[in-house]
There are 2 protein chains.
Amino acid sequence: MKLGDGVEQALHCVLMLSGLPAGQVLAAPALAEFHGVSPSYLLKHLQALSNAGILQSVPGPRGGYRLARPAGRITLLDVVLAVEGPEPAFRCAEIRQNGPSPLAPRFFKKPCAINAAMLRAERAYREELRKVTLDMLASPPDSELGAAISARACGFFAQRARNAPPSPSH
Amino acid sequence: MKLGDGVEQALHCVLMLSGLPAGQVLAAPALAEFHGVSPSYLLKHLQALSNAGILQSVPGPRGGYRLARPAGRITLLDVVLAVEGPEPAFRCAEIRQNGPSPLAPRFFKKPCAINAAMLRAERAYREELRKVTLDMLASPPDSELGAAISARACGFFAQRARNAPPSPSH
DNA sequence: GTTAGGCTACTCGGATAGCCACTGTCCGAGTAAAGTGGG
DNA sequence: CCCACTTTACTCGGACAGTGGCTATCCGAGTAGCCTAAC
């Protein structure tokens, strides 16, 4: 049970993009520099987020990435599934069917109790992630931490954010 | 996010051992043959379960494995953690500290909101697995499926199970 | 017949190669802006 | 002065190697049972 490091990068990126002023985009190299990670590798995950419909990519010069829908409608589960893939962590190989005296095939229609329990646990995991939307993760601006984060992000936005078509599609 | 295949093997093995009559043990080759998996590889995970205190190993001829405590006191979480390791799936690398304008170190005392949310979700996952004990997974003996499973296991026990010291230690 | 000794065979335990997925990187297709020449 | 074209530079997108962990395997340490031989 191990999540790739790209998940954290993707989460921080979408969280940062959630604070971006409307009508502006941020390029992948800027995001990579801000987080101190490899631009090429981050681009890989940004593509996955774009393909999943979470981010919207604007090609060409002054292009970049932007949230495809409001932060309140993007959950942590969306981001994790987009990066890690939708398949569940526990995959039952049905080893009951192996061995010298396998059960009759008609018993295999329903998943075994072990598989059911594991999937139920993973369902709880995903449900917990589904409850959390991006706007919940922004630190309260009245706190010292929130103010510092906002200041850092705004300063970086003023330096690197670019204007782009307000809503090109849909 | 992916669990190793060994988890399923370990779960099926402990579930089978939970139905073993008291005072008997089952050897690793027998468990491997019953489930149709590699004996050497299964042995690796049985060792992990033994080191975790879930199974009890009896060395020598007529030796084998047995549950170290009643099935009602063994949870799925115990087995999963023994095989996969105790560290959480999401590890925050604190990439906030990277980049050109990192936050002040005093803000890093508390984990970021992302890390907190991910750990909370994983906590729910583990809590769900902790609720399920081995005796809950045994199919009800009055059902057709339960009867078939019991018959298969008992037949295999009569063929491969061996007597061993009733309770050597503790 | 009984018993002590040695032997054998079977078990678990840890240390050792092989392979796949994640990590990290590169170059190509596409596009908006800027520069340039002509009208 | 205005406009259309070319060039440029920057962006995203997909295809290509490197490495760590899971997969699979082997041989060694230890022990219970069995055989043998002496008493």
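Here the structure is a predicted model, which means the values were calculated and not measured. Every chain is numbered from 1, with letters handed out A, B, ... down the list of sequences.
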- Query: Salt-bridged, A:Arg126 to A:Glu122, with N to O below 4.0 Å?
  - Reply: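 Looking at A:Glu122 together with A:Arg126, the answer is yes, because their closest N to O distance falls below 4.0 Å.
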- Item | Whichever of B:Glu84 and B:Pro39 has its nearest DNA chain D nucleotide further upstream toward 5' |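 Final value for this comparison: B:Glu84.
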- Message: Go nucleotide by nucleotide along DNA chain D from the 5' end; which of A:Met1 and A:Pro59 gets its closest nucleotide reached first?
- Response: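 Counting from the 5' end, the first nearest nucleotide belongs to A:Pro59.
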- Task: Return the 5'-most residue of the pair A:Leu3, A:Leu43 with respect to DNA chain C, ranking by each residue's nearest nucleotide.
- Result: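 Closest to the 5' end, via its nearest nucleotide, is A:Leu3.
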Taking only the side-chain heavy atoms of [X] (C-beta and beyond), determine which of [options] contains the nearest atom.
{"X": "B:Ser57", "options": "C:dC12, C:dT25, C:dA32", "value": "C:dC12"}
{"X": "A:Lys44", "options": "C:dT23, C:dC10, C:dG13", "value": "C:dT23"}
{"X": "B:Arg62", "options": "C:dG14, D:dA24, D:dG33", "value": "D:dG33"}
{"X": "A:Ser40", "options": "C:dT25, D:dG13, C:dA9", "value": "C:dT25"}

Would you mind reading off the distance between [X] atom [atom1] and [N] atom [atom2], rounded to a whole angstrom?
{"X": "A:His45", "N": "D:dG14", "atom1": "NE2", "atom2": "C1'", "value": "15 Å"}
{"X": "A:Tyr65", "N": "D:dC10", "atom1": "OH", "atom2": "P", "value": "18 Å"}
{"X": "A:Glu8", "N": "C:dT23", "atom1": "CD", "atom2": "P", "value": "11 Å"}
{"X": "A:Arg162", "N": "C:dA33", "atom1": "CZ", "atom2": "C1'", "value": "12 Å"}
{"X": "A:Gln47", "N": "D:dC16", "atom1": "CD", "atom2": "P", "value": "15 Å"}
{"X": "B:Leu42", "N": "D:dT25", "atom1": "CG", "atom2": "P", "value": "12 Å"}
{"X": "B:Asp5", "N": "C:dG18", "atom1": "CG", "atom2": "P", "value": "21 Å"}
{"X": "A:Gln9", "N": "C:dT23", "atom1": "CD", "atom2": "P", "value": "8 Å"}

- Query: Under the side chain to side chain contact (heavy atoms under 4.5 Å, CB included) criterion, do A:Thr133 and A:Arg73 qualify, and how do the steps go?
  - Reply: CA-CA 7 Å; A:Thr133 57; A:Arg73 301 192 66 85; over 6 Å; no
Quick one: [atom1] on [X] to [atom2] on [Y], what's the gap to the nearest 0.5 Å?
{"X": "A:Leu17", "Y": "A:Leu49", "atom1": "CG", "atom2": "CG", "value": "9.5 Å"}
{"X": "A:Leu26", "Y": "A:Phe34", "atom1": "CG", "atom2": "CZ", "value": "9.0 Å"}
{"X": "B:His12", "Y": "B:Leu31", "atom1": "NE2", "atom2": "CG", "value": "12.5 Å"}

- Message: Within a 6.0 Å radius of atom CZ on B:Arg69, are there more than 12 heavy atoms belonging to other residues, nucleotides or ligands?
- Response: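 It does: B:Arg69 CZ has more than 12 such atoms within range.
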- Return yes when atom CZ of A:Arg123 has more than 12 non-hydrogen atoms of other residues, nucleotides or ligands closer than 6.0 Å, and no otherwise.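 Open: at most 12 neighbouring heavy atoms sit under 6.0 Å from CZ of A:Arg123.
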- Message: If you compare every side-chain N and O of A:Ser38 against the phosphate oxygens of C:dT25 (OP1, OP2), does one of them come in below 4.0 Å?
- Response: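 So the side-chain polar atoms of A:Ser38 do come within 4.0 Å of the phosphate oxygens OP1 or OP2 of C:dT25, strictly under.
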- Query: In residues 25-34 of chain B, what residues come within less than 4.0 Å of DNA chain C, judged by heavy atoms?
  - Reply: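 Nucleic-acid contacts, sorted: B:Ala27, B:Ala28, B:Pro29.
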